[in-house]
Amino acid sequence: MIRQQLQESIREAILRAQQAGDLPPGEVPQVELETPRQAEHGDFASNVALVLARSMSLPPRRVAEAIARHLRLPPEKVERVEIAGPGFLNFFLSPSWLQEVVRVVLEKGERYGRWDVGRGIRVHVEYVSANPTGPLHVGTARNGAIGDCIANLLDALGFEVFREYYLNDYGAQVLALARSVACRYAELFGRSLPFPEDGYRGEYVVEIARKIAERDGPRWLDAPEEERDAYFREFALAEIVGDIRRTLEAFGIRFDGWFSEAGLYARSDFQKTLELLRARGALYEEGGALWFRATAFGDERDRVVIRSDGTPTYLGGDIAYRRSIYERGFQRLINVLGIDHQGQVRSLKAAVQAMGYDPETLEVILYQHVLFRRGGESVRMSRRAGEIVTLQDLLETVGADAARYFLVMTNPSTPLEFDLDLAVKQSSENPVYYVQYAHARICSILREASKHPVGREFVVAHPGDPHVHLNEARDLDLSTLTHETERALMRKLADFPDVVFTAGMRREPHRLCAFAQELATAFHVFYTQCRVLTDDPELTGARLALVDATRVVLRKTLQLIGVSAPERM
RNA sequence: GUCCCCGUAGCUCAGCGGAUAGAGCGUUGGACUCCGGAUCCAAAGGUCGGGGGUUCAAAUCCCCCCGGGGACGCCA
């Protein structure tokens with residue numbers, strides 16, 4: 001990859017300059033390469049001379065000159081190096097090095113942009129994990145979009161990724177759900193039961209009650225309460241989890257595991273966790289409750305893990321869950337949570353440390369909430385008030401592609417305003433369509449090529465297969481790709497691996513959207529200025545290769561974001 | 001009160017300590033007899049919330065203040 005090669009060359013040049021006595025000895029800092037805003041400043045620029053000038057107490061430009069003198073970059077890779085401004089080293093790439101990128105993309109295909117920095121490291125990514133007491137609410141949509149995209153990125157970095165949904169299917173809230181269903185069930189038979197104080201009022205509760213009534217008739221009306229609660233709880237959970245799973249699939253998310261909180265108690269994982277903490281002196285009793293000595297591990301206060309009524313707290317279950325993940329052999333835990341859970345982070349890290357694991361291996365990604373707007377007013381959504389705006393609603397109005405793209409488009413730490421009216425009304429102007437359009441346009445060119453007298457030499461169309469493939473690019477002469485817009489497009493293709501790396505390592509999926517848009521723009525600009533299918537066989541073959549390489553990278557980028565890459569729109 | 005996040009163009013948001021702060025939408029005006037006009041080109045639009053500091057260089061790092069959101073439970 002170009003950036004790494006340049007960084008290494010600069011580093012070697014500094015070392016050689018030091019050996020030759022042109023620069024004083026000293027540690028060589030990490031060489032940073034940036035992409036200048038202006039084309040006159042080259043394809044890459046380095047400020048390394050400015051950084052070194054300080055420790056070497058030499059004028060920056062003189063340092064830059066010494067480095068430049070010792071650079072050994074072959075002319076087929078770098079056309080020239082300039083020293084500019086206060087002491088920047090500006091690199092101008094040769095067309096042949098960029099043209100080589102096209103070949104690399106086509107040879108690597110789907111593997112272009114993959115890294116192996118994560119090889120052998122098992123990463124557990126937990127996201128969504130919404131309470132199974134009702135349909136998925138739009139608020140969790142950002143969690144899903146961000147979590148899934150980060151999992152995709154980690155996979156691209158070579159980590160062994162496991163995606164899991166933690167189901168809070170235990171405790172008072174699911175009991176309240178069971179009783180809410182029971183109440184609606186009784187109403188169907190003209191009876192009445194007291195509606196639980198913390199009950200669920202959504203229409204879906206009535207639906208579940210109706211299903212039970214259809215299946216079992218009135219036989220639960222006079223059943224013992226405990227028996228009825230247990231049955232209604234299991235039934236309601238199965239219905240709701242099934243619904244959640246279907247909605248997530250429509251959203252493009254599929255988990256490798258669904259972890260039941262109730263299972264932690266059934267398998268005595270919870271007890272084992274308490275024993276572990278107790279053995280390490282991290283538990284004590286007070287006021288009839290069992291406390292975790294969190295302050296000993298950096299938390300602001302100690303935390304209750306078992307209430308005085310004997311029931312475990314949410315945190316207690318959470319700690320046991322974390323332990324189960326480490327027990328299963330994962331080395332890194334990533335948890336995607338809404339900003340309202342920020343208070344839990346320190347407690348969780350304290351618990352991880354108390355159990356003897358490195359708290360650095362637990363990483364919590366906090367994202368700011370989405371403010372949904374409709375008709376210029378913010379939409380207040382409260383499940384318990386029964387006014388549900390579900391993820392399913394969002395998918396039906398704006399579609400999965402637009403929803404995912406939009407929710408991932410901004411930095412997780414920035415609040416996001418999602419105007420539902422706008423998303424519906426102007427869906428054709430949504431940036432996702434702009435990117436998808438570039439992809440569809442390329443596919444159209446390839447289809448067209450198979451009918452073109454010159455172009456058809458370079459493509460293969462299989463009968464019955466809608467895809468038109470490019471022939472081997474190995475023997476193509478790409479040296480005709482010299483137009484300014486071709487150069488800009490190749491530059492973008494060359495950036496892709498770096499974008500994947502940065503987005504993945506920094507857990508900033510929005511960088512993919514920015515890149516997708518820039519790549520699409522570079523393609524559209526190229527398209528309006530250069531004709532792909534011409535009567536010149538060399539030019540046509542080279543441009544088909546460029547366009548096909550663009551298709552590969554666009555498709556890969558959209559795939560990482562979690563959006564489809566349509567061949568026609 | 002303590003802690004976390006945010007404040008950049010009319011709106012929604014990018015911006016890695018670097019050179020003249022960007023994109024989309026919106027506004028105004030343009031562009032193929034030809035591979036998809038869901039496209040392209042151009043213009044207008046900014047005291048980067050305010051004030052100090054560090055640095056050769058600050059939207060970016062540090063401190064204070066202002067504004068918005070959130071967290072500080074034997075809730076989940």
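Here is the naming used below: chain letters follow the sequence lines, and residue numbers restart at 1 for every chain.
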Novice: Kindly indicate whether the side chain of A:Ser308 and the base of B:C74 share any N or O donor-acceptor pair separated by less than 3.5 Å?
Specialist: yes
Novice: Expressed as a whole number of angstroms, how long is the span from A:Asp169:CG to B:A76:P?
Specialist: 14 Å
Novice: Quick one: A:Leu554 CG to B:G36 P, roughly how many Å, whole number?
Specialist: 17 Å
Novice: Assert yes or no for the condition that the ring centre distance of A:His524 to A:Tyr434 is strictly below 6.0 Å.
Specialist: yes
Novice: In whole angstrom, what separates A:Asp198's CG from B:A76's P?
Specialist: 10 Å
Novice: Is A:Phe88 stacked on the base of B:A19 when the test is centres under 5.5 angstrom and planes under 30 degrees?
Specialist: yes
Novice: In whole Å, I'd like the distance from the CD atom of A:Gln344 to the C1' atom of B:G73.
Specialist: 12 Å
Novice: Between A:Arg441 and B:G37, does any side-chain N or O lie under 4.0 Å from OP1 or OP2?
Specialist: yes
Novice: Is the A:Tyr165 to A:Phe259 ring centre distance short of 6.0 Å?
Specialist: no
Novice: Evaluate whether the aromatic ring of A:His41 and the six-membered ring of the B:A19 base sit under 5.5 Å apart, centre to centre, with an inclination under 30°.
Specialist: yes
Novice: Write down the partner of B:U55 under the Watson-Crick or G-U wobble criteria, each distance required to be under 3.5 Å.
Specialist: none
Novice: Does A:Ser46 make a side-chain N or O approach to OP1 or OP2 of B:G18 shorter than 4.0 Å?
Specialist: no
Novice: Please give, in whole Å, the distance from B:C16 C1' to A:Phe501 CZ?
Specialist: 13 Å
Novice: What's the CG-C1' distance between A:Asn411 and B:C16, to the nearest Å?
Specialist: 13 Å
Novice: Anything under 30° is parallel, anything over 60° is perpendicular, the rest tilted; go ahead and classify A:Phe406 against A:Phe418.
Specialist: tilted
Novice: Could you check whether A:Tyr166 and A:Tyr321 have their ring centres less than 6.0 Å apart?
Specialist: yes
Novice: Check every atom of B:G18, B:C74, B:U39 against the side chain of A:Trp291 and return the nucleotide holding the closest atom.
Specialist: B:C74
Novice: May I ask you to say what A:Val525 touches in the nucleic acid, namely base, sugar-phosphate or nothing, with a heavy-atom cut-off under 4.0 Å?
Specialist: sugar-phosphate
Novice: For the base of B:A38, is there a side-chain donor-acceptor partner from A:Asn430 under 3.5 Å away?
Specialist: no
Novice: For nucleotides 57-59 of chain B, list the nitrogen or oxygen atoms of the protein found under 3.5 Å from its nitrogen or oxygen atoms, one pair per line.
Specialist:
none

Novice: Measure CD/A:Glu285 against P/B:C74 and give the value in whole Å, please.
Specialist: 16 Å
Novice: Between A:Arg301 and B:C74, is there a contact of a side-chain N or O with OP1 or OP2 at under 4.0 Å?
Specialist: yes
Novice: Does B:C3 pair with anything, Watson-Crick or G-U wobble, both distances under 3.5 Å, and if so, with which nucleotide?
Specialist: B:G70
Novice: Is the ring pair A:Trp115/A:Phe501 parallel, tilted or perpendicular, if the boundaries are 30 and 60 degrees?
Specialist: tilted
Novice: Under 3.5 Å, is there a donor on one side chain and an acceptor on the other for A:Asn47 and A:Glu32?
Specialist: no
Novice: In terms of relative ring orientation, are A:Tyr170 and A:Tyr265 parallel, tilted or perpendicular, with 30° and 60° separating the classes?
Specialist: parallel
Novice: Indicate whether OP1 or OP2 belonging to B:C75 is found under 4.0 Å from a side-chain N or O atom of A:Arg307.
Specialist: yes
Novice: Using the six-membered ring wherever Trp is involved, compare the ring planes of A:Tyr367 and A:His369 and label them parallel, tilted or perpendicular (cut-offs 30° and 60°).
Specialist: perpendicular
Novice: In this structure, how many angstroms lie between the P atom of B:C35 and the CZ atom of A:Phe523, rounded?
Specialist: 13 Å
